[in-house]
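Have a look at the structure below, then the notes.
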2 protein chains.
Amino acid sequence: MTRRAYNRLSQDRRRTDLLEATLTCVADLGLDRAGARQIAERAGVSAGLIRHYFPSKDEMVRAAYAYLMGQMTAAAEDSGAGDALSPEAALAEVIAANFAPPSLSGVKVSLWATFVGRVRVDPAYADIHREGYREFLDLLEARIHPVLVAQGCPADPARCKHLAIALNGLIDGLWIEGSLGHGLYDARRLPAIALAAAEGILRLPDTTLTRHLALEDERS
Amino acid sequence: MTRRAYNRLSQDRRRTDLLEATLTCVADLGLDRAGARQIAERAGVSAGLIRHYFPSKDEMVRAAYAYLMGQMTAAAEDSGAGDALSPEAALAEVIAANFAPPSLSGVKVSLWATFVGRVRVDPAYADIHREGYREFLDLLEARIHPVLVAQGCPADPARCKHLAIALNGLIDGLWIEGSLGHGLYDARRLPAIALAAAEGILRLPDTTLTRHLALEDERS
DNA sequence: TTCGCTGTTGTACGAATGTAAAACAAATCT
DNA sequence: AGATTTGTTTTACATTCGTACAACAGCGAA
């Protein structure tokens with residue numbers, strides 16, 4: 001029997017190919033059915049190669065989780081940091097970005113949930129999760145503070161942190177249910193719902209954040 | 001070799017034993033390592049018995065998810081429905097119940113997340129999830145409406161629904177992060193954070209909900 | 001060109017998986 | 001008490017899993 005033709009790829013390229021194939025398989029099949037052979041096939045590679053890049057399949061899955069979280073937090077940190085926006089617009093953009101593609105994605109939520117299911121059991125997953133959560137919390141806090149001072153609201157660190165925790169909860173919960181697409185309501189209303197709720201949580205005047213909705217629609 | 005001693009149980013008892021063993025195994029080991037043999041052992045039963053109660057192991061896992069969601073929604077519907085509380089106190093209780101045991105639980109979040117990870121791929125999981133989500137949404141809406149009218153706020157159905165969606169997101173997100181116990185802040189502050197944020201989302205005066213916090217502490 | 005290196009494939013193996021079906025025992029019925 | 005039913009265990013089997021390892025092939029260096 002003749003061997004399969006193949007071409008050598010750079011280490012980094014092959015590695016991320018494997019990681020992305022892992023994510024695709026986990027999202028499509030679930031953690032239990034995402035076997036080494038299927039991941040390798042999806043990456044266009046034979047199964048034995050996995051052990052050449054990762055000490056074990058479990059470690060590869062862990063690395064895939066870290067890879068996913070890295071992508072997501074990087075995307076979050078990019079949003080609302082572009083030009084010199086007003087503090088209110090920047091905060092609104094960070095919030096609203098979670099309710100439009102690519103953040104709003106059934107695949108991403110499936111992966112996120114699958115991995116979160118292991119946080120309690122596997123310390124490595126717990127570390128990755130904690131790190132991602134902390135980064136997003138810090139980002140929110142940094143975006144909240146200037147808005148509060150600009151609006152003349154109390155902005156002591158303790159209050160900012162509590163508000164960031166609440167805002168993060170709101171975003172997470174809405175993002176999950178919205179991305180799952182259960183069809184109980186129109187997901188296109190999520191940005192408006194989220195921004196209005198954020199206004200309330202921060203005790204800002206009406207339309208302080210929601211008035212930046214139309215701008216984003218025009219820009220896209 | 002002598003056979004194992006055993007005693008017959010009622011069908012319902014054996015069934016729920018198997019379902020609870022399934023949940024324990026999934027929470028402790030993850031979906032992939034929760035094998036039929038381990039679940040059976042945890043239920044004090046031999047592996048072959050599973051097929052006597054469920055057409056397949058996958059169907060048993062699905063049934064375990066439905067069982068878990070049934071427990072959780074039943075617990076949610078009980079909270080704040082006891083005696084003749086004020087609308088504000090009833091709403092506060094429904095919200096705060098999510099941030100104290102038994103709702104606030106690492107095991108429950110792990111299970112919830114693990115199963116949500118299959119929603120996108122398996123329609124049976126999607127149905128169970130949608131049903132539980134809808135029920136909690138309806139419960140929140142029913143608790144929100146009387147508060148709004150009592151406070152003289154606008155309470156049309158569309159607004160109530162949007163507020164329920166936002167409030168559910170807030171609760172879900174805070175519940176997840178709080179139950180995972182990442183140690184980034186003291187989880188005992190969650191009820192206060194959640195109630196204050198809910199006040200803001202509903203645009204209620206300060207302490208409308210939070211003043212019911214002390215009462216709950218005293219009662220327990 | 002030839003050599004050496006290493007990324008890659010193919011195969012093999014033990015363990016674990018879900019499931020089927022036979023053997024058995026405990027309760028129920030007559 | 002004996003017969004019957006059925007909940008339960010046991011054994012068996014085909015499959016799949018993760019992994020180890022030897023063989024091979026592409027590529028740069030000499």
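Letters go in sequence order (proteins before strands), and every chain restarts at 1.
Using a cutoff of 4.0 Å between basic side-chain nitrogens and carboxylate oxygens, B:Asp12 and B:Arg15 are not scored as salt-bridged.
The base of C:dA23 sits with one of its N or O atoms less than 3.5 Å from a complementary donor or acceptor on the side chain of B:Arg3. You'll find a donor-acceptor pair under 3.5 Å spanning the side chain of A:Arg37 and the base of D:dG18, going by distance alone. The base of D:dG26 is not paired with the side chain of A:Tyr6 by any donor and acceptor separated by under 3.5 Å. On a pure distance criterion of 3.5 Å, no polar donor-acceptor pair joins the side chain of A:Arg8 and the base of C:dT8.
Atom CG of A:Leu49 is separated from atom P of D:dC24 by 18 Å (rounded to the nearest Å). If you take CG of A:Leu31 and P of D:dC17, they are 13 Å apart, rounded to a whole angstrom. Distance A:Arg51 CZ to C:dT9 P: 16 Å, rounded to the nearest Å. Rounded to whole Å, atom C1' of D:dA25 lies 15 Å from atom CG of A:Leu9. Going from atom CG of B:Asp58 over to atom P of C:dG18 covers 8 Å, rounded to whole Å. Atom CG of A:Leu18 is separated from atom C1' of C:dT9 by 14 Å (rounded to the nearest Å). Counting to the nearest Å, the P atom of C:dT9 and the CD atom of A:Glu41 are 12 Å from each other. The nearest whole Å value for the distance from the CD1 atom in B:Ile39 to the C1' atom in C:dA16 is 14 Å.
Side-chain atoms of A:Tyr53 lie closest to C:dG7 of the nucleotides C:dG7, D:dT9, C:dT19. For B:Lys57, counting side-chain heavy atoms from C-beta on, the closest listed nucleotide (C:dG18, D:dT10, C:dT9) is C:dG18. Distance from the side chain of B:Ser56 is smallest to C:dT19 among D:dG7, C:dT19, C:dT8.
Using a 4.0 Å heavy-atom distance criterion, A:Gln38 is classed as a sugar-phosphate-only contact. Contact annotation for A:Gly35: backbone-only contact, meaning every heavy-atom pair under 4.0 Å involves sugar-phosphate atoms and none involves a base.
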For this session: Kindly determine whether A:Tyr53 and A:Gln11 satisfy side chain to side chain donor-acceptor pair (under 3.5 Å), including the steps that lead there.
Result: CA-CA 8 Å; A:Tyr53 283 90; A:Gln11 289 207 12; 5.9 Å; no

Problem set entry | Stepwise ring-ring contact (aromatic ring centres under 6.0 Å, His included) test for A:Phe115 and A:His129 | CA-CA 9 Å; A:Phe115 290 132; A:His129 172 82; over 10 Å; no

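With DNA chain C read from its 5' end, the first of the two nearest nucleotides for B:Ile50 and B:Asn7 is the one closest to B:Ile50.
Summarising the geometry of A:Ser103 relative to A:Trp175, their closest heavy-atom pair is O-NE1, 2.8 Å, with the distance given to 0.1 Å. The nearest pair of heavy atoms linking A:His145 to A:Cys160 is CD2-SG, 3.7 Å.
The side chain of A:His52 places an N or O atom within less than 4.0 Å of a non-bridging phosphate oxygen (OP1 or OP2) of C:dG7.
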